J.: 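Quick one: structure below, then a few questions.
Small disclaimer: the values here were computed from a predicted structure and weren't measured. Throughout, a chain's letter reflects where its sequence line sits, starting with A, and its residues are numbered from 1.
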There are 2 protein chains.
Amino acid sequence: MSECQVNSALEALVGKWKHKILFPLVQNQTMRFNELKRSIPGITQKMLTSQLRELEEHDLITRKVYAQIPPKVEYSLSEHGKSLIPILEQMSQWGAMHAAHLQSFKNAKKEVK
Amino acid sequence: MSECQVNSALEALVGKWKHKILFPLVQNQTMRFNELKRSIPGITQKMLTSQLRELEEHDLITRKVYAQIPPKVEYSLSEHGKSLIPILEQMSQWGAMHAAHLQSFKNAKKEVK
DNA sequence: CTGTATCCGTGATGATACTG
DNA sequence: CAGTATCATCACGGATACAG
């Protein structure tokens, strides 16, 4: 298990927004820009755009532009991006466990007082 | 698979330093403050201290203080922290794959030019 | 040895306005 | 609709000095 490999994995989904973008895409297959924006409360256009570009550079998502007026752009997980799903699932499971543990852990600390 | 669970998982190991601290601990079991500092090139005392405190709050590591002069403090993975190991391993594997894929992906883009 | 305290610069993020 | 451009802010982290 090497340090820098984990780094490269983390870079892909770390950050305030990356995973929040990935989630809807995992569930809905393909989404348009504004659709995505609506599904992520609090995100600004600027952030959504820049994060999408980064995900695209890492070949995790695919960007499909329809040459029409009004413009239409669809985003979806790339083939390579789909390899992320098991990780997201495992992180989700661990996250749930961790959240539960933290709860009882903090309660235990309280009682000591 | 819920969004906020992943969040809680990510918070545990995201950030510039968290996982760099976790790694030596996974391999060496237990380490002293300066030992840890030496094993993480570029980290400042301030950062190491603050990150260790956060990991401790999440009950991922254990801090053992010896009441002696000069002071001696040992850090190690907590029982709960050890549950992170499988995740780190999976992320490491995916990271390796991702790095390799990115390589050929970028080369492919070059050739198109 | 193992920290705390402070000060400070910079990059990331947000708000807002504008464009093809 | 799907962005880009610009400006302001603010938390993060680095450097340094000090302390128990």
J.: Closest to the Pro71(B) side chain: dG20(D), dA2(D), dG3(C)?
T.: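 Of the options given, the side chain of Pro71(B) lies nearest dG20(D).
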
J.: Can you identify which nucleotide, out of dG14(C), dC1(C), dT4(D), has its nearest atom closest to the Gln45(A) side chain?
T.: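 Out of dG14(C), dC1(C), dT4(D), the nucleotide with an atom closest to Gln45(A)'s side chain is dT4(D).
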
J.: Under 4.0 Å between a side-chain N or O of Arg53(A) and OP1 or OP2 of dT4(D)?
T.: yes

J.: Compare the minimum distances between each of dA15(D), dG3(D), dT2(C) and the side chain of Thr44(B), then state the nucleotide with the smallest one.
T.: dA15(D)

J.: Using whole Å, report how far NZ of Lys37(B) lies from P of dT4(C).
T.: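 Spelled out: NZ on Lys37(B) to P on dT4(C) is 15 Å.
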
J.: Relative to the ring of His101(B), is the ring of Phe105(B) parallel (under 30°), tilted (30 to 60°) or perpendicular (over 60°)?
T.: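 Phe105(B) and His101(B): parallel rings.
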
J.: What do the steps show when you test Thr49(B) against Arg53(B) for side-chain contact (heavy atoms from CB on, under 4.5 Å), and what is the final call?
T.: CA-CA 6 Å; Thr49(B) 303; Arg53(B) 290 298 127 82; 3.8 Å; yes

J.: So, does Tyr75(B) get its side chain near the phosphate of dG3(C), meaning an N or O under 4.0 Å from OP1 or OP2?
T.: yes

J.: Taking atom P of dT2(C) as reference, at what distance in whole Å does atom CG of Leu52(B) sit?
T.: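 Taking CG of Leu52(B) and P of dT2(C), I get 11 Å after rounding.
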
J.: Is the distance from OP1 or OP2 of dA2(D) to the nearest side-chain N or O of Arg32(A) less than 4.0 Å?
T.: yes

J.: In terms of side-chain heavy atoms of Lys46(B), which of dG13(D), dG3(C), dT13(C) is nearest?
T.: dG13(D)

J.: Tell me the interatomic distance from Glu11(A), atom CD, to dA12(C), atom C1', rounded to whole angstroms.
T.: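 So the two atoms are 16 Å apart, to the nearest Å.
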
J.: Using the side-chain hydrogen bond (donor to acceptor under 3.5 Å, both in side chains) rule, take Glu74(B) and Tyr66(B) through it: C-alpha gap first, then chi angles, then the decisive distance, then the call.
T.: CA-CA 8 Å; Glu74(B) 283 183 349; Tyr66(B) 295 82; 3.0 Å; yes

J.: Heavy-atom count check: over 12 atoms from other residues, nucleotides or ligands less than 6.0 Å from Gln68(A) CD?
T.: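 More than 12 heavy atoms, drawn from other residues, nucleotides or ligands, come within 6.0 Å of this atom.
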
J.: When the distance from CG of Leu48(B) to P of dC1(C) is rounded to whole Å, what number comes out?
T.: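 Result: 14 Å.
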
J.: Which listed nucleotide (dT4(C), dG3(D), dC1(D)) is nearest to the side chain of Thr49(B)?
T.: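 That would be dT4(C).
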
J.: From the options dT2(C), dG13(D), dA2(D), select the nucleotide whose nearest atom is closest to the side chain of Arg63(B).
T.: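 Comparing dT2(C), dG13(D), dA2(D) against the side chain of Arg63(B), the answer is dT2(C).
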
